[in-house]
Amino acid sequence: MPSELILTENMSDDFTEVKVVGEVDIYTSKQFKEKLYSVLESSGTDLKIDCSELKYIDSTGLGILVGTLKKAKLKGNNVYITGLKDNIKKLFLITGLDKLFFIE
Amino acid sequence: MPSELILTENMSDDFTEVKVVGEVDIYTSKQFKEKLYSVLESSGTDLKIDCSELKYIDSTGLGILVGTLKKAKLKGNNVYITGLKDNIKKLFLITGLDKLFFIE
Amino acid sequence: MMENLKDTMIDYFETIELILPFKAEYVSTARLTASSVASKMGFNIEEVEDIKVALSEVCSKLVSRGSKVVDSYRIVFKLFKDKLTIVFCCEDGTLNCVFDNENDSLGIAIMNALMDDVELCTKTEQLLLISKVLKGEKQDAI
Amino acid sequence: MMENLKDTMIDYFETIELILPFKAEYVSTARLTASSVASKMGFNIEEVEDIKVALSEVCSKLVSRGSKVVDSYRIVFKLFKDKLTIVFCCEDGTLNCVFDNENDSLGIAIMNALMDDVELCTKTEQLLLISKVLKGEKQDAI
Ligand SMILES: Nc1ncnc2c1ncn2[C@@H]1O[C@H](COP(=O)(O)OP(=O)(O)O)[C@@H](O)[C@H]1O
Ligand SMILES: Nc1ncnc2c1ncn2[C@@H]1O[C@H](COP(=O)(O)OP(=O)(O)O)[C@@H](O)[C@H]1O
C-alpha cells in the first residue's frame, strides 16, 4: 500500500523544519503526532512546518498542530506554518487557528 | 461534471487523425462510436487513432474499434492505432485485436 | 442563492451506498467515493473538497468510537436535483449523537462551515447527516 | 505462485460494499472505489488496473441490461489475506448468468486474462464473482 503521509525533517541552528507530504487523517495522524512531538523533544529551536505538499488535513490533524504549538510554547519556541494550500488555509480560517500560528 | 472523454479530429490529404483523451467506457462509448463513425462517413482516407492520452477502454470501446475497422475496410481504408499505453496494449493482446489493427 | 433550499426536498432521485468496516484505513475510500459522486453531480473542485473534508470528519469520529455490536457503518449518498445529502447509518444506537460540543469543537466548526445543513443527531440507525446545496447552473450535469 | 490459492479461502476478514443505481455514469465510481480498496490491500498499479478493468466489464454489462424489478445492484469486495474477491449481487434473478459466450466474447476474454478466478454464474442474488490473488510479499500491507 502506498504510504499516504511522508514526513521529513531538516535541522539547522535557527529552526527545525518538518515537511509534510500527503494526507493527515485518522489513519496517518498517529505518525504525524509522533513525528512532531519527537522533533519538539529533541530540538530547542522554533519549528517550521512546510505544508506546501500537504493535500489534506482533518480536525484530528489540526488538534495535533495545536498540541504541538502548546508544547513548543512551553519551551519558549514558536511554530511557523508555511506553504498552506488554499483548501487547507480555509480550515485554519474556519477554526480560528490562523490566529494561533505564524502562517507564512 | 467534468467530461471524461474528449475527441478531436484532424484531417489531412493522406489520413484523418482522431485523438482520444480520457476514458472510453459504457458512459462515453456512444460519443466515441458516433465520432469515429461520422469521421469515417465524411473522409475517404485511412484513419489514425491517437491513443497516447487514452487512459481506459473497455470491451464496448474495443468492439467499437472493431466496428470502425470493418467500416473502413469496406471503403478500402486502413485503421492505425498509435501511442497505446501499456495497460491498454495489454487488452489488445488479450483479445487478439493486435492482429487486426496496424498498431504503431 | 438559498431560495431553492426548500424545493430541494422534493425531486429526490438517486441513492448510492457505501458500507465500510470501522477501520481508519477505509476513511480515504469514503473520501474517494464521495469525490466521484459529488463531482458527477456538478459540484466544483472546491465544493467537492468541502464535502470530502466534512464526510471525513464523520467517518473518523465513527471509526475512532467503533462499535461492539456491528462491524461496519453505512454511508448513504442521497442525490437530489440540487443537493447532496450524506446520511450515516449504523445499527449500533450507541453511536447516536456521537459528536460532543466540547471535545469535537474543531470538527463541528469545520462541518458547519463547509456544508449547508448539518444534523448531528437524527433517528436511531440513521445517526446523522450532512448536506451541501448545488449552487449555480451546474445541476443539469447529471 | 498459485499454491496458496486454496488457503485463501480461509482467513476471510473484511467486507466493503458499494450499492449503485443501474446507470452508466456510476461505473466510474465503482472503478474508483475498487482502486482504493485494491491498492490498500497491496496490489501494485498494474494489478489495480486489471481489477478496475474486470470490475468495469461486469458493471457495464449489468447496467446495459438493467432491471425492471430493482433500482440498484450491489458490489461486495471481500478482502482475504491474499485475495480480493468481488461479488456482484442483485435481487433480480433475470441478471443471473448475464454474460453470453457469443456476444460478450471480448469482455469474457478480458476478465479471464486479468483475474485469477471468474465465475460467471453463481447463486441467485449473488450473480457472479471475480477474484484476484495478491502475489509477492505485499499481503502484510493492510
Ligand atoms: N478535536 C479537537 N478540537 C479542539 N481541540 C483539540 C482537538 N484535538 C486536540 N485538541 C487540542 O489539542 C491539544 C493536543 O491534544 P492531543 O493531540 O491529544 O495532545 P496531548 O496528547 O499532548 O494531550 C489538546 O490540548 C486539545 O485541547
Ligand atoms: N463485445 C464484443 N465482442 C466481440 N465483438 C464485438 C463486441 N462488440 C462489438 N463487436 C463487433 O464489433 C462490430 C461492431 O459492433 P457495433 O459497435 O454494434 O457496430 P454496428 O452498429 O456497426 O454493428 C460488430 O460486428 C461486432 O462483431
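Everything numeric in this text was worked out from a predicted model, so none of it was measured. Computed from heavy atoms alone, side chains included, the values below leave out hydrogens, waters and symmetry copies. Letters A, B, ... mirror the listed sequences (proteins, then strands); counts begin at 1.
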Assess A/Lys71 against A/Tyr37: is NZ or CZ under 6.0 Å from the centre of the six-membered ring, and within 45 degrees of the ring's axis? yes
Both conditions, 6.0 Å and 45 degrees, for the charged tip of C/Arg31 above the ring of A/Tyr56: are they met here? yes
Please check if the distance between the ring centroids of C/Phe22 and C/Tyr73 is under 6.0 Å.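 Here the rings of C/Tyr73 and C/Phe22 have centres that are less than 6.0 Å from each other.
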Can you tell me which portion of A/Asn87 sits under 4.5 Å from chain C's heavy atoms? Options are side chain, backbone, both or neither. side chain
Given that the side chain runs from C-beta out, which part of A/Lys55 has a heavy atom under 4.5 Å from chain C: side chain, backbone, both or neither? backbone
Please classify the contact of C/Asp50 with chain A as side chain, backbone, both or neither, using a heavy-atom distance under 4.5 Å.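 C/Asp50 touches chain A through side-chain heavy atoms alone.
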If you look only at pairs with a residue in residues 31-130 of chain C, which of them pass as a disulfide (SG to SG under 2.5 Å), with sequence neighbours excluded?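 For residues 31-130 of chain C: C/Cys97-C/Cys121.
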